[in-house]
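Have a look at the structure below, then the notes.
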Amino acid sequence: RYELPQRVDVSAIYPVKAPNGSTIILYGSENGVGILWRGGRPLKQTVSAPKAPVKQPPKVNGTKNAIVIIDSDDDEPAKTAPAPAPKAEFEEEDEELDPDRPYPSIIQQVRLPLDTEVLHIAVPQVPTAAELLPGEETPLIFKEKLVFAVACADFTVRIITLPLSPPPSAAKERPSNSKSLFGEEVVKIPTYVGHQTIPSGVSITWTSKAEPRGVAPPEDAMEVDGDEDKALASGRRSPKKKRAPSHSEAEKDAKGFDLLVASHSAELGGLLKIWRFALAETPVEPTNPISLYQTVTLSKPASKIAFNTAQFPKRRHSQLLITDLAGTARIYDPFAPRKRNASSGPTGAFVALFKTQFETNKASVPSAPVLASRKPILDAAWVSDGHSILALLADGEWGIWDVKQADSNAHTDPSVFSLRNFVGTSETDKSGSGASSPKSRSSRSSLVPMTPNTRRRKEETLFQGSSSTTIPTRGGVTVASLASSSGEAAEESVIIWYGKEVYRLADLAKFRARAATSNASSPLPGPGLAQVHDIPLLGESIVSATQFDTTRREARMAIPRDILFSAEHRLIISTTTNRPTERDAPARVAREDVEEEDARRGDQALLSRGELGIDGMQRMLNNMGRSGSQNTLTLGNPRKVLFAPS
């Protein structure tokens, strides 16, 4: 646990590591942004030299100490250039892990004061060098700087850049009135092109300057209502016809990259705003004055927005997922032409629509169909390289919508999941949910096999009772992918948290393959869906969850990813360590004895050849002292040296 003195609103893990190998953690608090560097090569400990005492001038008889003040309006104090930020120096090796705490520690922490509360943080999708195909490249700024966006309680959206390398401790001792404490640069979007209420979310991605710079359409023309929903009811509309010039042609006219920043709020019944900034080698270059790229009026306030996880130059990299609590998920593409056959003119169109199923009336009294409502969407995320959407609903149901169906016989109903399952262990979470409930899907719920997991659920219900009769209203989904070295689909790890319960999917593709052939009517979590226990929340609620990166070696060994949870006043990192348990103690002692015997025989062989060093001789003497019996050191075949025990 990492305790914090202030309330935590959100946390995120930056996708690029620092030059020293540290993983960078961002979190939003009541007065700004906190940055943590975890693991990697630690900073060198520098000892500051003691300050020399100030020598007083010698006193002379007949003189007095006097202060002379020279007042001149013509003389101006000389302006001194600000001292450059000190550079950090690192140790040669990574930090040595403590056997009692075998996990990386926090080597540096800083706080950027913004004088306002940070509610949301968005980081870009930056591929590693191994994930790039020949001819592909990323903005140069991502190699030297952190680039992220924050949505604040003072109605503003800010883009912050900061060096990737952790600052030395001397930089934290600089005066707070410095223009830049740690080399950060903050671009603040002014209110005349920003929001008039508190933003509800933010998302960023990067694109090419060659992408079309269409004019923002009128707000009322972009409202998704009536005919727009009917046209998108199939959920499969995609502008594939004439579009702005292809990437290979457009790159001849424009080079470089831009940063797309999207934010939404509840003003005017739901508003989405998109800005576009140029990405230079080190800073983000806004236009003067900052202008709005596009404005979209929504039919209902959005609950979540997220740019596609596919990266440029893939066409879908600019698609924006928009969900709301009314049970609707839409995909908006700011680069798609407003008309299917248009090759020029204003851009920006909705290209797909998905809806959840209707909630079942829990009361026995029938109600009018007009009062029926769809299941709210708590959270949603892109999966399968931006080809699918994983959504978590308020009743614990989660499922996957396929944006692009490869199967020609796929359903066209936008409310049908290609894969659906449930999370939540309390009986009240599943009771009364109608046709979507596991109990109503199968009458076998009373014949569930007794396993350690179900036994624990039954014991908690029997001895503690049901703690709540309401369905959790908070939940989230986080997805992390690991590119395959063989060209196959990336391995995606999914974390679903629902209330205070957390579930893990180690490999989504394998889960989908097994679920397609297994019995989907079981009320238990599907194959591969494991619950994460023993999270020390200490009575607080989960605010957000994110996954750390992993390596192919750890993935082959089925070592789960570390998870970052942000609670209300602390950050919690759930990690896996290979510490031996008590039942493995005899085997561990036997293994240590075998290793010690092998080392002793090796030292004896080196001694017989006259090649044993001082360290080896010291080891053998220590072993003799512990044995308490007469030992023989063989220096040669005929010659023996005897050491009597002390």
Side-chain angles (χ1 to χ4, degrees), residues 10 119-122 124 149-153 155-159 189-207 211-226 228-229 231-232 237 239 258-277 290-309 316-338 346-355 376-377 379-382 386 389 391 403:
V10 66
L119 303 176
H120 306 278
I121 297 178
V150 296
C152 306
F155 305 171
T156 62
V157 175
R158 311 184 191 201
I159 297 92
I189 297 178
T191 54
Y192 65 85
V193 291
H195 295 286
Q196 304 303 316
T197 60
I198 298 178
S200 302
V202 63
S203 182
I204 62 175
T205 190
W206 53 278
T207 185
E211 288 292 349
R213 291 181 172 270
V215 181
E219 295 182 2
D220 54 351
M222 295 306 300
E223 185 171 354
V224 185
D225 238 338
E228 184 78 19
D229 283 353
L232 296 176
R237 198 183 82 179
D258 287 345
L259 184 71
L260 289 178
V261 181
S263 179
H264 67 98
S265 65
E267 56 186 311
L268 301 178
L271 200 62
L272 172 68
K273 293 191 175 185
I274 302 177
W275 300 271
R276 189 167 182 170
F277 302 96
I290 296 177
S291 60
L292 189 64
Y293 180 62
Q294 286 185 8
T295 301
V296 183
T297 302
L298 306 174
S299 58
K300 291 180 176 61
S303 59
K304 171 71 177 290
I305 62 172
F307 276 108
N308 200 309
T309 53
R316 59 187 180 277
H317 78 279
S318 59
Q319 293 180 350
L320 187 64
L321 171 64
I322 306 172
T323 64
D324 56 45
L325 294 178
T328 304
R330 298 180 177 90
I331 299 177
Y332 177 78
D333 191 348
F335 298 153
R338 292 185 56 193
T347 60
F350 288 88
V351 298
L353 169 69
F354 302 95
K355 295 182 178 180
I377 301 176
D379 196 9
W382 293 96
I389 300 171
V403 180

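Along the sequence shown, residues are numbered consecutively beginning with 1.
Annotation: side chain of Ile189 is in contact with side chain of Phe277 (closest heavy-atom distance under 4.5 Å). His317 is not listed as a side-chain neighbour of Asn308, based on a closest heavy-atom distance of 4.5 Å or more. Between Val202 and Leu119, the closest side-chain pair of non-hydrogen atoms is not below 4.5 Å. Inter-residue side-chain proximity for Ile322 and Phe350 is flagged as met; some heavy-atom pair is nearer than 4.5 Å. Counting heavy atoms from C-beta on, the side chains of Ile331 and Ile389 come closer than 4.5 Å. With a 4.5 Å cut-off on side-chain heavy atoms, Ile377 and Phe354 do not count as touching.
The two residues Ala381 and Leu321 make their nearest non-hydrogen contact at N-CD2, 4.4 Å. Across all their heavy atoms, Pro334 and Ser318 have their closest contact at CD-O, 3.1 Å. Here the closest non-hydrogen pair linking Ile204 and Ala149 is CG2-CB, 3.6 Å. Smallest separation of non-hydrogen atoms from Pro337 and Ala349: O-CB, 3.6 Å. Shown here for Ala262 and Leu320, the closest heavy-atom pair between the two residues is CB-CD2, 4.0 Å.
A donor-acceptor contact shorter than 3.5 Å is absent between the side chain of Thr328 and the backbone of Lys355. Counting only distance, with no hydrogens or angles, the side chain of Ser263 and the backbone of Gly201 share a donor-acceptor pair below 3.5 Å. Looking only at distances, a side-chain donor or acceptor of Ser203 sits under 3.5 Å from a matching main-chain atom of Phe307. With hydrogens and angles ignored, the 3.5 Å screen pairs no side-chain donor or acceptor of Lys304 with any backbone N or O of Thr323.
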- [ ] Kindly indicate, with the supporting measurements, whether the criterion side chain to side chain contact (heavy atoms under 4.5 Å, CB included) is fulfilled by Phe155 and Ile198.
- [x] CA-CA 5 Å; Phe155 305 171; Ile198 298 178; 3.4 Å; yes
TODO: Begin with the C-alpha distance, continue with both residues' side-chain angles, and end with the deciding distance and a verdict on side chain to side chain contact (heavy atoms under 4.5 Å, CB included) for Leu298 and Asp324.
DONE: CA-CA 10 Å; Leu298 306 174; Asp324 56 45; over 6 Å; no
Open item on the list: If you apply the rule side chain to side chain contact (heavy atoms under 4.5 Å, CB included), what do you find for Trp206 with Leu260, and how did you get there?
Closed with: CA-CA 6 Å; Trp206 53 278; Leu260 289 178; over 6 Å; no
- [ ] List the steps and the verdict of side chain to side chain contact (heavy atoms under 4.5 Å, CB included) for Leu292 and Trp275.
- [x] CA-CA 5 Å; Leu292 189 64; Trp275 300 271; 3.1 Å; yes
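Atom NZ of residue Lys273 and atom OG1 of residue Thr297 lie 9.5 Å apart, to the nearest 0.5 angstrom. Taking OG of Ser303 as the reference point, atom NE2 of His264 lies at 7.0 Å (rounded to 0.5 Å). The structure places NE2 of His195 at 11.5 Å from SG of Cys152, a figure rounded to the nearest 0.5 Å. Distance check: Leu353 CG to Arg330 CZ gives 5.5 Å after rounding to the nearest 0.5 Å. Rounded to the nearest 0.5 Å, atoms CG (Leu268) and CD (Gln196) are 9.0 Å apart.
Side-chain N/O atoms of Asp258 and Thr207 include no donor and acceptor closer than 3.5 Å.
Taking 4.0 Å as the cut-off between side-chain N and carboxylate O, Asp333 and Arg316 do not count as a salt-bridged pair.
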